[in-house]
Amino acid sequence: MTIRRFRLAALALSAIAVFAPSRADDQPISQLPYTPSLDPAAMDRSADPCQDLYQYACGGWMKNNPLPGDQPSWSVYGKLAQDNQRYLWGILEDAAKPEPSRTPTQQKIGDYFAACMDVDAVEKAGAQPLAADLARIAGMKSIAELGPILGSLHARVISNGVLFGNGVEQDAKESTQQIFAVYAGGLGLPDRDYYFKDDDKSKETRAKYVEYVARMLELTGDSHERAKIGAATVLRIETELARASLTRVERRDPYKIYHHTAPAKLKKLVPGFDWDGYFAAVGGRPSAWLNVSEPAFFTEVGARLKAEKLDDMKTYLRWSLTNMRADYLSKAFVDEHFAFYRAYLRGVKEPQPRWKKCVGWVDRDLGEALGKEFADRTFPPETKAKTVAMTNLVVAAMKDRIQGLDWMSAETKKHAIEKLGKIRNKVGYPDKWRDYSTLQVSRGDFFGNVARSIVFETNRQLAKIGKPVDRGEWGMTPPTVNAYYNPSMNDINFPAGVLMPPLYDAKLDDAPNYGNTGSTIGHELTHGFDDEGRQYDGDGNLRDWWTKKDGEEFEKRANCIRDQYSSYVVVDDIKINGKLTSGEDIADLGGTILAWAAWKEATKSEKLVPIDGLTPDQRFFVGLAQWACENERPENQRLLAATNPHSPGKYRINGVVVNMPEYAAAFQCPAGAALAKPADKICKVW
Ligand SMILES: [Zn+2]
């Protein structure tokens with residue numbers, strides 16, 4: 001249930017401290033606070049649940065939880081994530097004390113954190129950490145030198161993004177093979193569409209962006225005039241890269257981003273680029289094949305290399321490097337980066353406190369070392385056992401649903417059940433923890449620690465090529481308040497962070513737990529069968545196992561969901577892009593239907609009674625709704641509408657229950673009520 005996660009004039013900048021003053025919640029904690037997963041105080045009982053479940057279940061929460069100044073949005077998930085961060089902060093402060101009793105792991109995470117918190121050293125270093133790479137860019141005599149320089153940047157300084165990105169992935173059609181891949185990238189605005197939309201707001205955003213780029217170029221030594229010219233160059237180059245990039249909706253089609261390519265063909269695709277030098281600098285080469293995710297984009301990279309003046313490419317590279325590293329540099333860089341990406345684009349009022357950034361970076365770079373400390377303290381085996389049992393019931397409910405579908409042939413059902421049987425679930429934390437022993441962390445060198453972490457991760461990824469796939473690997477760290485389905489692994493993953501109150505709550509009855517966590521489990525499971533996931537088989541291979549008719553029947557039902565969500569307004573005149581959100585919307589509906597069935601099965605021999613004035617059925621739905629309570633800044637809503645495949649919380653709840661007759665029955669909603677759709681209008685896929 002992936003949760004998300006950039007106006008301010010230059011005048012306001014000087015008034016903002018980089019490191020915000022302390023607030024009540026600006027303290028580490030040694031015990032996680034408890035909030036029940038169904039919290040009557042979070043409700044607004046004056047609202048009519050037949051008109052708006054979200055307001056009914058979350059109205060109190062929205063009133064009592066105003067947006068903190070450093071947040072673009074605030075939600076039940078976000079608040080729990082911050083509690084987890086404060087708890088990790090406590091662990092890291094202890095680990096940072098240079099006691100001889102520290103374990104090697106504690107020493108590593110503690111020293112990384114201490115170096116990050118040493119703002120005097122970071123301030124003193126200024127832009128110095130970039131100096132060698134900036135000098136190398138400035139010294140380029142021809143485009144022919146770009147390959148090794150870019151490879152070195154990708155491997156050591158920024159794992160991704162300058163001009164394009166790279167990675168190692170499971171071959172989409174041969175999931176047992178790990179292959180090298182290159183991706184479209186190189187854009188400083190949040191999405192390729194930002195470069196082309198011609199409404200007033202989009203024009204304003206580009207104007208602000210160019211001003212921001214110019215200020216960054218000035219910080220790296222350009223005169224004011226030169227920086228203005230440079231910023232226009234950056235926008236021009238990025239616009240051409242954006243034009244050649246697929247849209248987010250197009251990228252949801254796995255066939256559009258899968259292009260098995262021999263290295264020799266890649267060289268033809270981007271003439272003039274030294275791929276050998278690039279791969280040598282990255283530190284690994286592709287085997288017989290690599291995936292060139294967007295060939296048209298790489299053709300454009302070739303065209304840019306030919307058309308652009310060397311000086312203009314240097315400006316673009318200098319800008320990209322500085323922008324992507326800005327948050328790790330001194331205050332001048334951090335402030336500019338904040339002012340554009342978080343204040344202007346996302347409406348955030350103040351920067352995050354330093355500790356929060358540092359905890360986040362330890363979580364990113366040493367996540368399983370820190371995560372083990374977290375899981376050891378917070379995730380008891382009983383919770384694991386209970387949530388695994390819940391998962392099994394949700395999977396069983398899915399099997400029943402598939403067997404009972406009236407629109408799917410027996411042949412396709414057989415394949416669907418086979419795929420379902422092969423899904424692995426991973427709960428809490430990895431069975432085998434990542435070994436960071438080769439990663440060197442120095443207490444006095446924050447930027448160096450970040451860079452060495454990138455090298456460590458690059459090497460860890462490259463080492464996968466040609467080796468068996470590690471099915472036990474996790475794509476999220478244990479404290480993460482999120483969950484995911486991976487189509488190539490065909491597994492569902494629930495970190496410890498998403499299985500604690502106010503989400504999974506061992507103190508409460510089953511109804512809200514199935515409504516909340518049961519639906520999350522069902523959501524991830526349904527991703528295996530959404531418009532994207534259904535194209536992969538049980539072994540994680542992109543392979544069409546559907547009859548033509550069944551595929552068409554599926555699409556008909558998915559279109560019902562797309563049309564429904566496309567009618568919802570996000571902010572101002574912006575509506576949900578139902579083609580972008582359809583996988584998540586299908587998963588939300590399917591997940592809740594599965595959780596309902598699993599809950600009924602789990603409690604069939606129990607006599608359930610009302611609690612807090614809510615019947616058991618009502619508790620299921622209020623429990624469901626309360627995971628999604630949130631407050632959003634309008635600026636952030638605008639950005640998310642363009643980039644986030646998830647619908648806003650309100651529609652993730654009301655948009656689901658409107659398709660469940662069980663909901664209208666639970667609240668005895670009269671015909672014609674907003675959340676009581678006529679039977680013939682109901683959307684249902686799974
Ligand atoms: Zn999802």
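Ligands are counted one by one from 1 in listed order, and the atoms in each one are counted from 1 as well.
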Using modelled atom types and a 3.5 Å cut-off, is there a donor and acceptor pairing between side-chain atoms of Thr383 and backbone atoms of Phe379?
no
A side-chain contact here means heavy atoms from C-beta on lying under 4.5 Å apart; do Ile682 and Cys560 qualify?
no
Aromatic rings Phe621 and Tyr663: how do their planes relate, parallel, tilted or perpendicular, breaks at 30° and 60°?
perpendicular
Just to confirm my numbers, could you give the angle made at the Zn ion (ligand 1) by NE2 of His523 and NE2 of His527, rounded to 10°?
90°
By side chain to side chain donor-acceptor pair (under 3.5 Å), Tyr56 pairs with (sequence neighbours left out) none
The Zn ion (ligand 1) contact by Glu584, N, O or S atom under 2.8 Å:
yes
Output yes if His646 passes the N/O/S-under-2.8 Å test against the Zn ion (ligand 1); output no otherwise.
no
